[in-house]
Amino acid sequence: MVILYFIGGSKGGVGKSFLSMALADYLTKYKNRKIILVESDTSNPDVGKTFAQNDDVEVLSLSLDNADGWIELVNSCEGSNRDLVVNSAARSGEAVEKFGGTLIGSLDELHMQLVSFWVINRQRDSIELLKKYMDIVPGELHVVRNTFYGEPQKFELFNGSKTKIEAEKRGATIDLPDLADRVTDDLYSKRLSIVKALETMPLGNRAELKRWRAVAWKMFDDIGIGSESNDSPQQKKPSKKSEKVEQS
């Protein structure tokens, strides 16, 4: 079954683009998949431009601010045998509420599974936006605490919330590892994919990126992303402790 991974957060700066890059890298280089990357942040399409020259990634630029964009997204899914990663724009919450039904109502006919990742920081509105998204969009959902904003225990508002309990009935709470600022800045400013960065960065930067990549790959692997199984989150068994991730 083809899977559409929707990366949301509805706020600028929470880490949606970084998670999209990490997921695209994991699916193509660890799982050896060819994917479609849907860049919906048309005003600042950094992720799309990062993968523009990658043979494993077909980049599709779509505005999901209007009905036409969602229609085109569904049309692009029809007949495709590639998983899709949708990097959503900061304003995506309102658009999902208005037009997301176009995609949701087409999933069965497309024979496609929807898996959502919702990236949060430590602020209260992150939880409120997550709750709103959960009320609209069904299916598997994983909440991503971006540890750029602090260690997991510092996400006190989310950690103690009823929203966390409800979200974990549909998936898992996972932690996006922090990456040294100098490496992150290079990735963004030079629009480097992780693969390209590992070819061109100085040795120390590469070592830090390899460390981060191994943790990110394990994060996805532990929740069964990219597995052949189509089990629901409730049916999935917790994965065994991952073996050492190959640093390819």
Among side-chain atoms of [X] and [Y], is any donor-acceptor pair under 3.5 angstrom?
{"X": "Asp25", "Y": "Trp217", "value": "yes"}
{"X": "Asp178", "Y": "Thr147", "value": "no"}
{"X": "Asp221", "Y": "Tyr30", "value": "yes"}
{"X": "Lys196", "Y": "Gln53", "value": "no"}
{"X": "Glu140", "Y": "His142", "value": "yes"}
{"X": "Arg145", "Y": "Asn159", "value": "yes"}

Roughly how far, to the nearest 0.5 Å, is the [atom2] atom of [Y] from the [atom1] atom of [X]?
{"X": "Tyr5", "Y": "Leu23", "atom1": "OH", "atom2": "CG", "answer": "6.5 Å"}
{"X": "Asp83", "Y": "Leu37", "atom1": "CG", "atom2": "CG", "answer": "12.5 Å"}
{"X": "Ile3", "Y": "Ile225", "atom1": "CD1", "atom2": "CD1", "answer": "7.0 Å"}
{"X": "Ser126", "Y": "Lys11", "atom1": "OG", "atom2": "NZ", "answer": "4.0 Å"}
{"X": "Phe51", "Y": "Glu39", "atom1": "CZ", "atom2": "CD", "answer": "10.5 Å"}
{"X": "Leu130", "Y": "Ile127", "atom1": "CG", "atom2": "CD1", "answer": "8.0 Å"}

Are [X] and [Y] linked, directly or through other ILVMFWY residues, by side chains that come within less than 4.5 angstrom of each other?
{"X": "Val143", "Y": "Leu157", "answer": "yes"}
{"X": "Val86", "Y": "Val2", "answer": "yes"}
{"X": "Leu19", "Y": "Val195", "answer": "no"}
{"X": "Ile71", "Y": "Leu103", "answer": "no"}

Residue [X] excluded, over 12 heavy atoms near [atom1] under 6.0 Å:
{"X": "Lys132", "atom1": "NZ", "value": "no"}
{"X": "Gln153", "atom1": "CD", "value": "yes"}
{"X": "Glu168", "atom1": "CD", "value": "yes"}
{"X": "Phe148", "atom1": "CZ", "value": "no"}

Can you tell me if [X] uses its side chain to pair, donor with acceptor, with the backbone of [Y] under 3.5 Å?
{"X": "Trp70", "Y": "Leu64", "answer": "yes"}
{"X": "Trp212", "Y": "Pro177", "answer": "yes"}
{"X": "Arg170", "Y": "Met134", "answer": "yes"}

Which pair of non-hydrogen atoms, one from [X] and one from [Y], has the smallest distance, and what is that distance?
{"X": "Thr184", "Y": "Leu179", "value": "OG1-O, 3.4 Å"}
{"X": "Asn87", "Y": "Ser40", "value": "O-OG, 2.6 Å"}
{"X": "Gly8", "Y": "Ser88", "value": "CA-OG, 3.5 Å"}
{"X": "Ile36", "Y": "Ser80", "value": "CD1-OG, 3.6 Å"}
{"X": "Ser193", "Y": "Leu187", "value": "O-CD2, 4.1 Å"}
{"X": "Asn146", "Y": "Phe155", "value": "O-CZ, 3.2 Å"}

Heavy-atom side-chain proximity of [X] to [Y] below 4.5 angstrom:
{"X": "Ile174", "Y": "Phe117", "result": "yes"}
{"X": "Tyr133", "Y": "Leu141", "result": "yes"}
{"X": "Ile7", "Y": "Val85", "result": "yes"}
{"X": "Arg206", "Y": "Val183", "result": "no"}

Using 4.0 Å as the upper bound for N to carboxylate O, is an ion pair formed by [Y] and [X]?
{"X": "Glu151", "Y": "Lys154", "value": "no"}
{"X": "Asp186", "Y": "Arg182", "value": "no"}
{"X": "Lys131", "Y": "Glu128", "value": "no"}

Task: side-chain contact (heavy atoms from CB on, under 4.5 Å) between Leu84 and Met112, intermediate numbers included - done: CA-CA 10 Å; Leu84 293 92; Met112 177 174 284; 3.6 Å; yes

Open item on the list: Please evaluate residues Val96 and Phe6 with respect to the criterion side-chain contact (heavy atoms from CB on, under 4.5 Å), reporting the C-alpha separation (whole Å), side-chain torsions for both, the decisive distance (0.1 Å), and the verdict.
Closed with: CA-CA 11 Å; Val96 169; Phe6 185 90; 3.9 Å; yes

- [ ] Go through the steps for Val144 and Asp175 under the test side-chain contact (heavy atoms from CB on, under 4.5 Å), then give the verdict.
- [x] CA-CA 6 Å; Val144 184; Asp175 299 310; over 6 Å; no

- [ ] Sort and list the pairs that fulfil salt bridge (charged side-chain N to carboxylate O under 4.0 Å, His left out) and have at least one residue in residues 41-64, not counting sequence neighbours.
- [x] Lys29-Asp56, Lys34-Asp56, Asp46-Arg191

TODO: Mind running side-chain contact (heavy atoms from CB on, under 4.5 Å) on Tyr149 and Ile120 for me, showing each step along the way?
DONE: CA-CA 9 Å; Tyr149 294 102; Ile120 63 170; over 6 Å; no

Task: Non-neighbouring partners of Ile104 that pass side chain to side chain contact (heavy atoms under 4.5 Å, CB included), sequence neighbours left out - done: Val137, Pro138

